[in-house]
Amino acid sequence: MAATGHNAAAEAKAQGTGLKVIAILAVLTLVEYAIAVTIGKGPMLVTLLTVAALAKTWLILQYFMHLPKLWNPDGGH
Amino acid sequence: MQRHYTTLFVIWAIVTVLTLGAMWAWQPFPTHGALEAAVTDDAFRALLYLGSPVFGLVIAVLFYALWKFRATGPDEDGAYIEGKGALPRVWLGVSAALCALMIVWPGLTGLAELRHLAENPDMVVKVSAARWSWTVEYPEAGVKITGKEPMVLPDDTRIRFDITAVDILHAFWVPAFRLKVDAVPGMTTSVTVNAHGEGDAETDAAYRLQCTELCGLQHANMAMPVRVVSEDEFKTWLREKQAKAAVR
Amino acid sequence: MRPLINALVLGIAGFAFGAGATGLFRVAVLGREWWSTDLSWSMGYPFALIGWVMGIGGWKYWGRGWFGLPVAPYETTGWRRYLDWNIDHKVIGIQYIVTFVVIFLLSGLTVLLVRLELMRAGMQILTEDQYNAAMSFHGITMVAVAVAILLGGFGNYVVPLMLGARDMAFPNLNSLSYWLTPPVAVLLLIAVAMGGWDSGWTAYPPLSVVNKSGQTLFNLAVFTFGLVSILGGINFIVTIAYERAAGLTWGRLPIFVWGALSASLISFFFTQGFAAALLMVLFDRVLDTSFFDFKNEGSALLYEHVFWFYSHPAVYVMVLPGFAIILEILAHFSRKPLFAYRWVVGAFLGIVALSGVVWAHHMFTSGMADYLHAPFLVLTEMISIPTGIIFLAGLGTIWAGKLWLRTPMLFALSVLFNFTIGGITGIFLADVPTDLHLHDTYFVVAHFHYTIVGGEIFALMAAVYYWFPKITGRMYNETLGKLHFWIMFIGFQLVFIPMFEVGVQGMNRRVADYPAEYNGLNTWITLAALFLGSSFVFFAWNMAMSWVRGPIAEANPWHARTLEWQTSSPPPIHNFDEDPVITGNPYDYGQPRAAAHARLGAAPAAGDSA
Amino acid sequence: MAVASAPAHAEHGHGSTHSRIPINRMGIWLFFFSDALLFAMLAASRFYLTGTERPHELNQALGLGITSVLLLSSLTAYRAETAFEHGNVAHGRAMLLATILMGAAFAIGVGFEWSIAHWVPSDPFGTAFFSMTGMHALHVVSGVLFLIVVYVRAGKGHFPVGNTWAVTSMVMYWHFVDVVWVFFYPTLYLV
């Protein structure tokens, strides 16, 4: 099974998704760092950082941890 | 069925009246030593009276069911009543209304009254708690007392206590005054009391400054006697204290 | 006995490893004494816990599988199953029930000591230190019993049966949860032997930070217990979501399952609050952090917020299964459908939701910001609305029923009485003006005993008598049962009604001594407490004797419709010989045309006639 | 977590009638949620104690560095899971190894941060900093240990296509640890 059932196309597609997600995550992290450096402190910074962290969490939950499989076991990512 | 409900209603009325009577006769309160006592005790009474018909209803249904709806085995079934009709809605409406009433009165109104009574105090007393004793300071007179010496307060005066602790949590409570607040280290909490009527710890346990937040070994004995005296007597006492402090 | 010995040996070895490694680090790197009670216990205990769980069978039957190694076949039979790792939910349920009944009785004896000390003003039989230790021990053990016995004990035994499942969703996790509880009891007893801790069950800092070392053991024990609670909660939620028999829709679930689900949701959502609070105290004690050290900008109020964020919802973990059990029993013993079933489910879920937003009513006198008083007053009093619905269901169910007054029914009816008093007096404590006087007085003690003992422990007794024939296959003695009920019921009123009065009069709680003015009522309370305590002699005697040689019980002595009664008593290892199919509602009494609740395989279920 | 791999289950529960995977998945998600609450309490305490100020200058380069390493390890963990699901064991193991190494690097980074910290645990920020990073590092280290077990088992061919739940669950745990850091990084370094 291990070698013969190897569905190369599907695997490549899934791995591609991972690369896209990590790219967005990296950008978001850099954005976080950049706004922290530029704004310094205050409620605006806290709000923006919260938004960025929630966005990152959503990406990881959705694509890396396959949250949708909870209610849709066969589908999702 | 009609007959059942009539009898139930009569029993409910009787139980409620009896409960109300018992609650009216019940006098558990310690001495009224402050205007605040009237607020809290009135709220207490109001809740007792509001609770009586509720209590009465439960007792009446329980009693009636035990009296009339008995069986000796599982062979016979009761009436098929699913409770899907209007009753739950009515019950929800009535209980929500009762709840709203209790929130507003005596809850929020009492809270507002207490806040009103706390405005613009006549004098400030500083209280400091430590394991396991109280230290009370009259900053204007420069008098400080501690240990088992009584804290003396003037009658008919609005007194704000500024309370803190030096080590761990304690709580300030004089049963005659009703109000209570924690003594928190690193923080000043306050409680305002309108002393009303003279009293002495010698004859009345309600006049004691009792710690009510568990503070370890001697928690139970962490109490300072309280005396409420007339304003003149209070001034005399303060002067004596000042004189003694000067000699030392 | 083998598993127990293995567990003890590995537990001690684990402790030696953890504490030893820490000691070595302290000597070699820091150049200090090798032993430091707080730190050595904190580091030794986790390894002791791992050793204990592995020794009892967690490694042999479960852990090996994680590493791809073959697990041992399970061969233990008879009573030895109860002293071994076992994944049968029925065995685990009995383990919980017996363990916590024993702790309950032990804690009850402790409180009699406390009451004897309080019989007169002044110190008589205990020192202040011993008093605080006894009072704290009573507090935490009874909280643990109240949290675990209904959900862990009867929940484990009955819920899978009611669902028509063969077991819980995670049987090994279930066994792990149970086997984490003996170390909790052992740790608390060692803490008492070391001189106890004097901060009560609430363990407020800064006292709990500067307290003696028994506090560290307390924190470790209760942290472990929190883990039990969370793992158990997760297991119930998943079981109820995924292991229901065919045809068992959400609208057909017996109400006890809903109670167990609601309580599990609460312990799952909120227990981490207590865990976090205990962990912070532990950090302050052993790692020199300053969460609560006011000299370093720490805050004692932080603990109170985090602590009550769990510990208020915890009371619903205790009483919701209690309510559910009595509603169950009221329906079966009145031979009537449960009144307003859907409303009750709504009320349970409403309580789950509200429970998370009322915690600060424990803090009206704590010195927290003034503007928080009014909102928490409003939210807290709103809890009376769903609770009222539960009362409607109870009263509506017995109305026009055919009440069969066996012992379980008597206990169930008494809950309605007790909780009325408990509920109404709760309003006094939610109401800020009265609470400012009543907070931390005996009024509070009376109130929560009326809710937790009156609401839950009476329901527990109802459950014990109700399911006794199912669990043991034997019938209890009805006369002894009724005697137990009447002594307990009357004794309970005699103890706790006067406590309301003495509290209002000005006696504060958790005191070893009090002004002589309160002598009269306290003497009365102590004598009544001895009377109340005597009822448990009848209970223990009845249980022990009936279990060993009571008359053999039928499969369904109460002629109840729910699923657990449709299998043999006690049930076979996989609960049902054939997987049941649910075909009707659980409480359709008095309706001749109603479908049976369940069909077992092809054969018609017993009790269909109902 | 690797609940399903215990054969004792097959005879208990409904075994063949419905799949264990959705049940295990629900269980592990509930565990994550519950554990997340503990971290949330710690993070909330940090704001309660020190407000939204950052009283000390932290080593920003180090912070960004270890954050990037942890984030990147989520990608390798994801790639490992996907590879195992498609029977690509060799690639899966390589990616697992990369994840383990990056996880270890993260833990070492935190240890280094601790050693250069110029604040102490009794300082209010130190209280929050050490307890939050300590709690998180404990999860990282246990995650690394779990991943090592999975790595070794994978080498023995324990995870053929269709039986990769043990890999999936451990990888999910790893992502969870990463999500916690997604919040802790700004909370400790950036605010």
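Keep in mind that the numbers below use all heavy atoms, side chains included, and drop hydrogens, waters and symmetry copies. Owing to the predicted nature of the structure, the values given are computational and were not obtained by experimental measurement. Numbers restart at 1 for each chain; the letters A, B, ... are given by sequence-line order, proteins then strands.
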Asker: Given that the side chain runs from C-beta out, which part of C:S366 has a heavy atom under 4.5 Å from chain B: side chain, backbone, both or neither?
Answerer: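 Both parts, backbone and side chain.
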
Asker: With only heavy atoms counted, which part of C:M135 is less than 4.5 Å from chain B, the side chain, the backbone, both or neither?
Answerer: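 Side chain only.
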
Asker: Test: salt bridge (Lys or Arg N to Asp or Glu O under 4.0 Å). Region: residues 166-182 of chain B. Which pairs qualify, not counting sequence neighbours?
Answerer: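 Found B:D41-B:R178, B:R131-B:D167.
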
Asker: One pair to check against side chain to side chain contact (heavy atoms under 4.5 Å, CB included): B:Y80 and C:D588. What are the steps and the verdict?
Answerer: CA-CA 8 Å; B:Y80 185 75; C:D588 275 354; 3.4 Å; yes

Asker: Look only at the side chain of C:W399 and the backbone of B:V61, and say whether a donor-acceptor pair between them is shorter than 3.5 Å.
Answerer: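 No; judged by distance alone, with no hydrogens or angles, the pair does not exist.
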
Asker: Provide the closest heavy-atom pair for B:A43 versus C:P433 in the form atom of the first, atom of the second, distance.
Answerer: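 Heavy atoms only, the tightest pair is CB-CB, 4.3 Å.
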
Asker: How are the rings of C:H437 and B:W173 set to each other: parallel, tilted or perpendicular (split at 30° and 60°)?
Answerer: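 The arrangement is tilted - the two ring planes meet at 30° to 60°.
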
Asker: Closer than 3.5 angstrom, by distance alone: can the side chain of B:D77 be matched with the main-chain N or O of C:Q591 as a donor-acceptor pair?
Answerer: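 No: the side chain of B:D77 does not pair with the backbone of C:Q591.
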
Asker: Quick one: what part of C:Q130 sits under 4.5 Å from any heavy atom of chain B, side chain, backbone, both or neither?
Answerer: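 When you check distances to chain B, no heavy atom of C:Q130 falls under 4.5 Å.
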
Asker: So which part of C:F339 gets closer than 4.5 Å to some heavy atom of chain B, the side chain, the backbone, both or neither?
Answerer: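 C:F339 touches chain B through backbone and side-chain heavy atoms alike.
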
Asker: With only heavy atoms counted, which part of C:N132 is less than 4.5 Å from chain B, the side chain, the backbone, both or neither?
Answerer: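 The side chain, not the backbone.
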
Asker: Using only atom types and a distance under 3.5 Å, with no angle test, would you say the side chain of C:D198 pairs donor to acceptor with the backbone of B:G216?
Answerer: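 Judged by distance alone, no pair lies under 3.5 Å.
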
